[in-house]
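All remarks here apply to the structure that follows.
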Amino acid sequence: MLTKRIIPCLDIKNGRTVKGVNFVDLRDAGDPVELAKQYALKGADELVFLDISATLEGRKTMHDMVLKVAEHVNIPFTVGGGISSVEDVDALLQCGADKVSINSSAVKRPELVNELANKFGSQCVVVAIDAKNVDGNWIVHLAGGTIPTELNLFDWAKEVEQRGAGEILFTSMDNDGTKDGFANEALAKLSEELNIPIIASGGAGTIQHFIDTFEKGKADAALAASVFHFGEIPIKDLKEKLKDNNIAVRL
Amino acid sequence: MKLVIINYGAGNIKSIQFAFKRLGVDAVLSNDPEEIKVADKVIFPGVGEANSAMKMLRASGLDTLIPNLKQPVLGICLGMQLMCKSSEEGNTKGLGIFNVAIKRFSNAVKVPQMGWNTISDLKSPLFKDIKEDAFMYLVHSFYAEACKEQIATTNYEFNYASALQKDNFYGVQFHPEKSSVVGEQILKNFIEL
(Lines give C-alpha, C1' and ligand atoms only; values in the text may rest on other atoms or scores of the structure.)
Protein backbone atom coordinates (compact mmCIF):
# COMPACT_ATOMS: atom_id res chain seq x y z
CA MET A 1 0.00 0.00 0.00
CA LEU A 2 1.17 3.52 -0.76
CA THR A 3 2.24 5.06 2.55
CA LYS A 4 1.66 8.54 3.97
CA ARG A 5 4.78 10.68 3.81
CA ILE A 6 6.47 12.66 6.59
CA ILE A 7 8.43 15.62 5.24
CA PRO A 8 10.73 17.86 7.30
CA CYS A 9 11.14 21.31 5.77
CA LEU A 10 14.42 23.20 6.04
CA ASP A 11 14.68 26.94 5.54
CA ILE A 12 17.92 27.86 3.80
CA LYS A 13 19.59 31.25 3.71
CA ASN A 14 22.87 31.72 1.84
CA GLY A 15 23.34 27.97 1.78
CA ARG A 16 22.83 27.45 5.53
CA THR A 17 19.85 26.28 7.56
CA VAL A 18 18.34 29.20 9.43
CA LYS A 19 15.64 28.07 11.80
CA GLY A 20 17.23 26.87 14.98
CA VAL A 21 17.93 23.20 14.87
CA ASN A 22 18.50 21.20 17.99
CA PHE A 23 19.97 17.88 17.02
CA VAL A 24 22.35 16.45 19.59
CA ASP A 25 24.14 14.24 17.10
CA LEU A 26 24.95 16.97 14.60
CA ARG A 27 28.40 18.39 14.30
CA ASP A 28 27.12 21.42 12.41
CA ALA A 29 23.41 22.15 12.71
CA GLY A 30 23.72 24.90 10.09
CA ASP A 31 24.90 22.47 7.43
CA PRO A 32 21.90 21.41 5.33
CA VAL A 33 23.69 18.32 4.02
CA GLU A 34 24.54 17.06 7.48
CA LEU A 35 20.97 17.68 8.64
CA ALA A 36 19.44 16.06 5.56
CA LYS A 37 21.55 12.94 6.09
CA GLN A 38 20.35 12.72 9.68
CA TYR A 39 16.72 13.06 8.63
CA ALA A 40 17.14 10.34 5.99
CA LEU A 41 18.56 8.04 8.69
CA LYS A 42 15.77 8.87 11.11
CA GLY A 43 13.09 7.83 8.61
CA ALA A 44 11.98 11.03 6.87
CA ASP A 45 10.31 10.10 3.57
CA GLU A 46 11.26 13.23 1.68
CA LEU A 47 12.80 16.63 2.37
CA VAL A 48 11.91 20.14 1.32
CA PHE A 49 14.52 22.89 1.14
CA LEU A 50 13.09 26.37 1.00
CA ASP A 51 15.51 29.07 -0.09
CA ILE A 52 14.76 32.31 1.71
CA SER A 53 17.93 34.13 0.57
CA ALA A 54 17.13 37.67 -0.36
CA THR A 55 20.12 38.23 -2.62
CA LEU A 56 21.29 36.84 -5.95
CA GLU A 57 24.53 35.84 -4.29
CA GLY A 58 22.59 33.85 -1.71
CA ARG A 59 20.56 32.15 -4.41
CA LYS A 60 23.68 31.01 -6.20
CA THR A 61 24.85 29.11 -3.13
CA MET A 62 21.63 27.09 -3.44
CA HIS A 63 22.96 25.26 -6.48
CA ASP A 64 26.04 24.11 -4.62
CA MET A 65 23.87 22.99 -1.74
CA VAL A 66 21.50 21.03 -4.00
CA LEU A 67 24.45 19.31 -5.65
CA LYS A 68 25.85 18.30 -2.26
CA VAL A 69 22.49 17.08 -0.98
CA ALA A 70 21.99 14.98 -4.13
CA GLU A 71 25.47 13.54 -3.67
CA HIS A 72 25.02 12.48 -0.06
CA VAL A 73 21.32 11.92 0.57
CA ASN A 74 19.44 8.81 -0.60
CA ILE A 75 15.83 10.01 -0.34
CA PRO A 76 13.92 12.41 -2.63
CA PHE A 77 13.97 16.14 -2.06
CA THR A 78 12.18 19.24 -3.31
CA VAL A 79 13.68 22.69 -3.69
CA GLY A 80 11.58 25.85 -3.46
CA GLY A 81 12.01 29.59 -3.15
CA GLY A 82 12.67 32.19 -5.80
CA ILE A 83 12.05 29.90 -8.76
CA SER A 84 10.44 31.77 -11.65
CA SER A 85 11.56 30.31 -14.97
CA VAL A 86 12.17 27.12 -16.94
CA GLU A 87 15.89 27.94 -16.76
CA ASP A 88 15.81 28.12 -12.94
CA VAL A 89 14.19 24.70 -12.79
CA ASP A 90 16.51 23.19 -15.37
CA ALA A 91 19.53 24.28 -13.34
CA LEU A 92 18.15 22.82 -10.08
CA LEU A 93 17.17 19.50 -11.68
CA GLN A 94 20.60 19.30 -13.31
CA CYS A 95 22.08 19.66 -9.83
CA GLY A 96 20.05 16.64 -8.73
CA ALA A 97 16.86 18.06 -7.19
CA ASP A 98 13.95 15.64 -7.65
CA LYS A 99 11.18 18.23 -7.59
CA VAL A 100 10.82 21.98 -7.45
CA SER A 101 8.13 23.96 -5.75
CA ILE A 102 6.82 27.21 -7.18
CA ASN A 103 4.49 29.63 -5.47
CA SER A 104 4.18 33.34 -6.31
CA SER A 105 5.77 32.92 -9.75
CA ALA A 106 2.87 30.63 -10.68
CA VAL A 107 0.32 33.18 -9.47
CA LYS A 108 2.04 35.93 -11.45
CA ARG A 109 2.33 33.80 -14.59
CA PRO A 110 0.20 30.61 -14.48
CA GLU A 111 1.60 29.40 -17.85
CA LEU A 112 4.82 28.62 -16.01
CA VAL A 113 3.12 25.51 -14.59
CA ASN A 114 2.34 24.26 -18.13
CA GLU A 115 5.84 25.04 -19.33
CA LEU A 116 7.47 23.14 -16.48
CA ALA A 117 5.11 20.15 -16.74
CA ASN A 118 5.66 19.92 -20.50
CA LYS A 119 9.41 20.20 -20.31
CA PHE A 120 10.22 18.21 -17.18
CA GLY A 121 7.05 16.21 -16.42
CA SER A 122 4.34 16.78 -13.83
CA GLN A 123 6.11 14.54 -11.34
CA CYS A 124 8.65 17.23 -10.52
CA VAL A 125 6.28 20.21 -10.35
CA VAL A 126 4.97 21.03 -6.88
CA VAL A 127 2.77 24.09 -6.60
CA ALA A 128 2.90 25.62 -3.12
CA ILE A 129 -0.17 27.59 -2.10
CA ASP A 130 -0.38 29.80 0.99
CA ALA A 131 -3.93 30.68 1.92
CA LYS A 132 -5.89 32.38 4.70
CA ASN A 133 -9.49 31.95 5.69
CA VAL A 134 -11.03 35.42 5.21
CA ASP A 135 -14.68 35.50 6.31
CA GLY A 136 -15.20 31.90 5.31
CA ASN A 137 -13.34 32.19 1.98
CA TRP A 138 -9.92 30.65 1.57
CA ILE A 139 -7.91 33.37 -0.17
CA VAL A 140 -4.50 32.71 -1.73
CA HIS A 141 -1.79 35.00 -0.32
CA LEU A 142 1.72 35.83 -1.49
CA ALA A 143 4.95 36.85 0.25
CA GLY A 144 4.53 34.68 3.31
CA GLY A 145 0.86 35.54 3.73
CA THR A 146 1.27 39.32 3.64
CA ILE A 147 -0.21 40.05 0.21
CA PRO A 148 -3.75 38.85 -0.58
CA THR A 149 -4.65 37.89 -4.16
CA GLU A 150 -8.01 37.62 -5.87
CA LEU A 151 -7.65 33.85 -6.04
CA ASN A 152 -9.71 31.29 -4.16
CA LEU A 153 -7.68 28.35 -2.85
CA PHE A 154 -9.84 25.62 -4.40
CA ASP A 155 -10.20 27.30 -7.79
CA TRP A 156 -6.50 28.01 -7.96
CA ALA A 157 -5.56 24.46 -6.90
CA LYS A 158 -7.84 23.02 -9.60
CA GLU A 159 -6.38 25.37 -12.17
CA VAL A 160 -2.78 24.36 -11.45
CA GLU A 161 -3.77 20.70 -11.48
CA GLN A 162 -5.19 21.18 -14.98
CA ARG A 163 -2.07 23.04 -16.00
CA GLY A 164 0.04 20.04 -15.03
CA ALA A 165 1.08 20.36 -11.37
CA GLY A 166 2.01 16.96 -9.94
CA GLU A 167 1.37 17.86 -6.33
CA ILE A 168 -0.01 20.64 -4.12
CA LEU A 169 1.74 21.89 -0.99
CA PHE A 170 -0.97 23.75 0.92
CA THR A 171 0.04 25.93 3.85
CA SER A 172 -2.70 27.45 5.94
CA MET A 173 -1.42 30.84 7.10
CA ASP A 174 -4.02 30.74 9.89
CA ASN A 175 -2.49 27.55 11.28
CA ASP A 176 1.18 28.11 10.47
CA GLY A 177 3.23 28.64 13.61
CA THR A 178 0.30 28.02 15.97
CA LYS A 179 1.09 24.37 16.75
CA ASP A 180 -2.68 23.93 16.99
CA GLY A 181 -3.03 21.41 14.19
CA PHE A 182 -3.42 21.44 10.41
CA ALA A 183 -6.32 23.05 8.47
CA ASN A 184 -8.02 19.69 7.99
CA GLU A 185 -11.36 20.85 6.63
CA ALA A 186 -9.77 22.75 3.75
CA LEU A 187 -7.29 19.91 3.21
CA ALA A 188 -10.05 17.31 2.96
CA LYS A 189 -11.91 19.48 0.46
CA LEU A 190 -8.74 19.85 -1.65
CA SER A 191 -8.15 16.11 -1.53
CA GLU A 192 -11.73 15.39 -2.63
CA GLU A 193 -11.81 17.95 -5.42
CA LEU A 194 -8.38 17.21 -6.87
CA ASN A 195 -6.82 14.00 -8.12
CA ILE A 196 -3.17 14.75 -7.34
CA PRO A 197 -1.38 14.31 -3.99
CA ILE A 198 -1.83 17.01 -1.33
CA ILE A 199 0.85 17.88 1.22
CA ALA A 200 -0.47 19.38 4.47
CA SER A 201 1.57 22.21 5.95
CA GLY A 202 1.19 24.64 8.85
CA GLY A 203 0.14 23.91 12.40
CA ALA A 204 1.93 20.72 13.44
CA GLY A 205 2.39 20.64 17.20
CA THR A 206 1.63 17.10 18.38
CA ILE A 207 1.55 13.55 17.04
CA GLN A 208 -2.26 13.69 17.21
CA HIS A 209 -2.18 16.56 14.70
CA PHE A 210 -0.50 14.29 12.17
CA ILE A 211 -3.02 11.50 12.82
CA ASP A 212 -5.83 14.03 12.31
CA THR A 213 -4.45 15.46 9.09
CA PHE A 214 -4.19 12.01 7.54
CA GLU A 215 -7.57 10.81 8.82
CA LYS A 216 -9.74 13.96 8.77
CA GLY A 217 -7.68 16.06 6.36
CA LYS A 218 -7.14 13.14 3.93
CA ALA A 219 -3.63 14.47 3.27
CA ASP A 220 -1.16 12.33 1.35
CA ALA A 221 1.84 13.81 3.13
CA ALA A 222 2.49 16.14 6.06
CA LEU A 223 5.21 18.74 6.24
CA ALA A 224 6.60 20.39 9.37
CA ALA A 225 9.70 22.22 10.51
CA SER A 226 10.21 23.16 14.15
CA VAL A 227 8.63 20.08 15.78
CA PHE A 228 11.23 18.01 13.93
CA HIS A 229 14.18 20.38 14.18
CA PHE A 230 13.86 20.74 17.94
CA GLY A 231 13.28 17.04 18.43
CA GLU A 232 9.84 17.68 19.94
CA ILE A 233 8.48 14.91 17.74
CA PRO A 234 11.03 12.25 16.80
CA ILE A 235 10.11 10.93 13.34
CA LYS A 236 10.40 7.30 14.42
CA ASP A 237 7.97 7.80 17.34
CA LEU A 238 5.59 9.67 15.06
CA LYS A 239 5.58 6.91 12.47
CA GLU A 240 5.08 4.20 15.09
CA LYS A 241 2.08 6.06 16.50
CA LEU A 242 0.65 6.53 13.01
CA LYS A 243 1.04 2.81 12.42
CA ASP A 244 -0.74 2.07 15.73
CA ASN A 245 -3.60 4.16 14.34
CA ASN A 246 -3.73 2.04 11.18
CA ILE A 247 -2.19 4.75 9.01
CA ALA A 248 0.19 3.20 6.47
CA VAL A 249 3.74 4.48 6.91
CA ARG A 250 7.22 3.34 5.91
CA LEU A 251 8.99 1.98 8.99
CA MET B 1 34.05 -2.61 -14.07
CA LYS B 2 32.74 -0.05 -16.48
CA LEU B 3 29.24 1.25 -15.81
CA VAL B 4 27.57 3.50 -18.36
CA ILE B 5 24.42 5.55 -17.75
CA ILE B 6 22.75 6.24 -21.08
CA ASN B 7 22.48 10.00 -21.42
CA TYR B 8 19.83 10.81 -24.01
CA GLY B 9 18.36 13.91 -22.44
CA ALA B 10 15.60 12.37 -20.34
CA GLY B 11 15.71 12.47 -16.61
CA ASN B 12 17.51 13.04 -13.39
CA ILE B 13 20.70 11.14 -14.15
CA LYS B 14 22.75 13.04 -11.60
CA SER B 15 20.97 11.22 -8.77
CA ILE B 16 21.73 7.83 -10.31
CA GLN B 17 25.37 8.77 -10.82
CA PHE B 18 25.63 9.96 -7.21
CA ALA B 19 23.98 6.78 -5.89
CA PHE B 20 26.65 4.67 -7.59
CA LYS B 21 29.33 7.03 -6.31
CA ARG B 22 28.09 6.30 -2.76
CA LEU B 23 28.66 2.63 -3.61
CA GLY B 24 32.19 3.42 -4.77
CA VAL B 25 31.46 3.04 -8.51
CA ASP B 26 32.22 5.79 -10.99
CA ALA B 27 29.47 5.73 -13.61
CA VAL B 28 30.09 7.31 -17.01
CA LEU B 29 27.35 9.32 -18.72
CA SER B 30 27.28 8.62 -22.43
CA ASN B 31 25.20 8.54 -25.58
CA ASP B 32 28.07 7.15 -27.68
CA PRO B 33 26.99 3.75 -29.11
CA GLU B 34 30.56 2.41 -29.07
CA GLU B 35 31.07 3.34 -25.43
CA ILE B 36 27.70 1.84 -24.45
CA LYS B 37 28.42 -1.40 -26.34
CA VAL B 38 31.68 -2.10 -24.53
CA ALA B 39 30.41 -1.26 -21.02
CA ASP B 40 30.13 -4.08 -18.47
CA LYS B 41 26.79 -2.79 -17.20
CA VAL B 42 24.34 -0.28 -18.62
CA ILE B 43 21.75 1.88 -16.89
CA PHE B 44 18.84 3.14 -18.97
CA PRO B 45 17.22 6.00 -17.03
CA GLY B 46 14.27 8.17 -17.89
CA VAL B 47 11.87 10.66 -16.43
CA GLY B 48 9.29 12.62 -18.37
CA GLU B 49 6.99 11.85 -21.27
CA ALA B 50 7.23 8.53 -23.17
CA ASN B 51 6.68 9.79 -26.70
CA SER B 52 9.27 12.56 -26.59
CA ALA B 53 11.74 10.24 -24.85
CA MET B 54 11.33 7.65 -27.64
CA LYS B 55 11.90 10.40 -30.20
CA MET B 56 15.17 11.29 -28.50
CA LEU B 57 16.19 7.62 -28.53
CA ARG B 58 15.39 7.29 -32.23
CA ALA B 59 17.22 10.50 -33.08
CA SER B 60 20.41 9.07 -31.62
CA GLY B 61 19.93 5.52 -32.96
CA LEU B 62 19.80 4.17 -29.43
CA ASP B 63 16.42 2.54 -30.13
CA THR B 64 18.15 -0.15 -32.23
CA LEU B 65 21.24 -0.38 -30.03
CA ILE B 66 19.61 -1.02 -26.65
CA PRO B 67 17.56 -4.16 -27.52
CA ASN B 68 20.74 -5.76 -28.92
CA LEU B 69 22.94 -5.21 -25.89
CA LYS B 70 24.35 -8.41 -24.37
CA GLN B 71 25.51 -7.14 -20.96
CA PRO B 72 23.12 -6.55 -18.01
CA VAL B 73 20.93 -3.50 -18.68
CA LEU B 74 18.80 -1.87 -15.98
CA GLY B 75 15.93 0.40 -17.02
CA ILE B 76 14.69 2.76 -14.32
CA CYS B 77 11.21 4.35 -14.23
CA LEU B 78 10.43 5.63 -17.75
CA GLY B 79 13.48 3.66 -18.91
CA MET B 80 11.70 0.47 -17.85
CA GLN B 81 8.48 1.58 -19.54
CA LEU B 82 10.26 2.29 -22.83
CA MET B 83 11.68 -1.25 -22.78
CA CYS B 84 8.10 -2.55 -23.01
CA LYS B 85 5.96 -3.22 -26.08
CA SER B 86 3.90 -0.03 -26.00
CA SER B 87 2.71 2.81 -23.80
CA GLU B 88 -0.64 4.54 -23.58
CA GLU B 89 1.30 7.72 -22.88
CA GLY B 90 1.41 9.58 -26.18
CA ASN B 91 0.37 6.29 -27.89
CA THR B 92 4.00 5.27 -28.03
CA LYS B 93 5.61 2.17 -29.53
CA GLY B 94 8.34 0.97 -27.18
CA LEU B 95 11.53 -1.05 -27.64
CA GLY B 96 9.59 -4.30 -27.24
CA ILE B 97 12.08 -6.06 -24.97
CA PHE B 98 9.37 -6.91 -22.46
CA ASN B 99 6.12 -8.23 -23.94
CA VAL B 100 3.85 -6.03 -21.87
CA ALA B 101 1.79 -2.89 -22.40
CA ILE B 102 2.08 0.27 -20.28
CA LYS B 103 -1.25 1.73 -19.18
CA ARG B 104 -2.43 4.71 -17.14
CA PHE B 105 -3.86 4.41 -13.64
CA SER B 106 -7.55 5.35 -13.57
CA ASN B 107 -8.88 8.34 -11.68
CA ALA B 108 -10.13 5.98 -8.95
CA VAL B 109 -6.73 6.72 -7.37
CA LYS B 110 -4.60 9.84 -7.20
CA VAL B 111 -2.37 10.14 -10.24
CA PRO B 112 0.63 10.22 -10.15
CA GLN B 113 1.28 7.62 -7.50
CA MET B 114 3.87 9.49 -5.47
CA GLY B 115 5.72 8.12 -2.48
CA TRP B 116 6.85 4.90 -0.82
CA ASN B 117 5.14 1.61 -1.56
CA THR B 118 6.14 -2.04 -1.09
CA ILE B 119 7.57 -4.51 -3.59
CA SER B 120 6.49 -8.16 -3.23
CA ASP B 121 6.80 -11.59 -4.89
CA LEU B 122 10.47 -10.87 -5.50
CA LYS B 123 12.15 -13.30 -7.86
CA SER B 124 15.43 -12.25 -9.37
CA PRO B 125 19.10 -12.06 -8.35
CA LEU B 126 18.50 -8.30 -8.57
CA PHE B 127 16.68 -8.64 -5.22
CA LYS B 128 19.34 -10.66 -3.40
CA ASP B 129 19.17 -9.80 0.34
CA ILE B 130 16.06 -7.64 -0.21
CA LYS B 131 13.18 -8.58 2.08
CA GLU B 132 9.64 -9.14 0.79
CA ASP B 133 7.53 -5.98 1.14
CA ALA B 134 10.56 -3.69 1.15
CA PHE B 135 9.70 -0.01 0.64
CA MET B 136 10.66 1.73 -2.59
CA TYR B 137 10.12 5.30 -3.78
CA LEU B 138 7.84 5.60 -6.81
CA VAL B 139 6.58 8.50 -8.92
CA HIS B 140 4.52 7.48 -11.93
CA SER B 141 1.17 7.80 -13.68
CA PHE B 142 1.61 4.79 -16.00
CA TYR B 143 2.29 1.17 -15.02
CA ALA B 144 3.22 -2.22 -16.51
CA GLU B 145 0.43 -4.77 -16.34
CA ALA B 146 0.97 -7.97 -14.37
CA CYS B 147 2.80 -10.31 -16.76
CA LYS B 148 5.06 -13.32 -17.20
CA GLU B 149 8.22 -11.24 -17.06
CA GLN B 150 7.44 -9.58 -13.72
CA ILE B 151 9.97 -10.09 -10.92
CA ALA B 152 8.21 -7.82 -8.37
CA THR B 153 4.68 -6.57 -7.86
CA THR B 154 3.28 -3.47 -6.17
CA ASN B 155 -0.30 -2.66 -5.27
CA TYR B 156 -1.81 0.67 -6.31
CA GLU B 157 -5.36 0.51 -7.61
CA PHE B 158 -4.46 -3.20 -8.25
CA ASN B 159 -1.37 -5.39 -8.44
CA TYR B 160 0.95 -4.36 -11.24
CA ALA B 161 4.47 -5.34 -12.30
CA SER B 162 6.91 -3.00 -10.54
CA ALA B 163 9.98 -4.83 -11.87
CA LEU B 164 10.61 -6.92 -14.99
CA GLN B 165 13.34 -9.21 -16.26
CA LYS B 166 14.04 -10.97 -19.51
CA ASP B 167 17.48 -12.50 -20.09
CA ASN B 168 20.05 -9.73 -19.52
CA PHE B 169 17.40 -6.98 -19.37
CA TYR B 170 16.06 -5.69 -16.07
CA GLY B 171 13.56 -2.92 -15.46
CA VAL B 172 12.33 -1.29 -12.26
CA GLN B 173 9.44 1.16 -12.00
CA PHE B 174 10.70 2.48 -8.66
CA HIS B 175 13.74 4.68 -8.08
CA PRO B 176 16.43 2.60 -6.33
CA GLU B 177 18.70 5.68 -6.33
CA LYS B 178 16.12 7.47 -4.13
CA SER B 179 15.01 4.52 -2.01
CA SER B 180 17.37 4.79 0.93
CA VAL B 181 19.73 1.92 1.83
CA VAL B 182 17.40 -0.76 0.41
CA GLY B 183 17.49 0.92 -2.99
CA GLU B 184 21.27 1.16 -2.82
CA GLN B 185 21.40 -2.59 -2.12
CA ILE B 186 19.48 -3.23 -5.36
CA LEU B 187 21.98 -1.09 -7.30
CA LYS B 188 24.79 -3.02 -5.62
CA ASN B 189 23.14 -6.29 -6.66
CA PHE B 190 22.96 -5.05 -10.24
CA ILE B 191 26.66 -4.22 -10.25
CA GLU B 192 27.43 -7.70 -8.91
CA LEU B 193 25.26 -9.58 -11.45
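Quick note on labels: first sequence line is chain A, next is B, and so on, each numbered from 1. Note that these values count all heavy atoms, side chains included, but never hydrogens, waters or copies made by symmetry. Since we're looking at a predicted model, the values are computed, not measured.
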Exercise for the section: Select one option (side chain, backbone, both, neither) describing which atoms of S179(B) are under 4.5 Å from chain A's heavy atoms. Expected result: backbone
Practice task
Using non-hydrogen atoms and a 4.5 Å limit, figure out which bit of V181(B) sits close to chain A: side chain, backbone, both or neither.
Solution key: both
Completion exercise
Minimal heavy-atom distance between P197(A) and P112(B), with the atoms involved, is CG-O, 3.8 Å
Problem - Nearest heavy-atom neighbours spanning G96(A) and S15(B) - result: O-OG, 3.6 Å
Is the number of heavy atoms from other residues, nucleotides or ligands under 6.0 Å of [X] [atom1] greater than 12?
X	atom1	result
N107(B)	CG	yes
E185(A)	CD	no
K4(A)	NZ	yes

Exercise for the section: Apply side chain to side chain donor-acceptor pair (under 3.5 Å) to S87(B) and list each qualifying residue two or more places apart in sequence or on a separate chain. Expected result: none
Answer with side chain, backbone, both or neither: which region of [X] has an atom nearer than 4.5 Å to a non-hydrogen atom of chain B?
X	result
I196(A)	both
R250(A)	both
S191(A)	both
D220(A)	side chain
I198(A)	both
C95(A)	backbone

Problem - Sequence neighbours excluded, every pair satisfying ring pair (Phe, Tyr, Trp, His ring centres under 6.0 Å) that has a member inside residues 101-126 of chain B - result: F105(B)-H140(B), F105(B)-Y143(B), F105(B)-Y156(B), F105(B)-Y160(B), W116(B)-Y137(B)
Out of [options], return the one with the most heavy atom pairs under 4.5 angstrom to chain B.
options	answer
L93(A), T3(A), L2(A)	L2(A)
Q123(A), Q94(A), E71(A)	E71(A)
N74(A), D45(A), I75(A)	N74(A)

Problem - When H175(B), E184(B), E49(B), K178(B) are compared by non-hydrogen pairs under 4.5 Å with chain A, the top option - result: K178(B)
Practice task
With a 4.5 Å cut-off on heavy-atom pairs, point out which of D133(B), V111(B), T118(B), V109(B) contacts chain A the most.
Solution key: V111(B)
Problem - Members of residues 238-249 of chain A whose heavy atoms come closer than 4.5 Å to chain B - result: V249(A)
Problem - Per-residue contacts, residues 22-44 of chain B versus chain A, heavy atoms under 4.5 Å - result: R22(B)
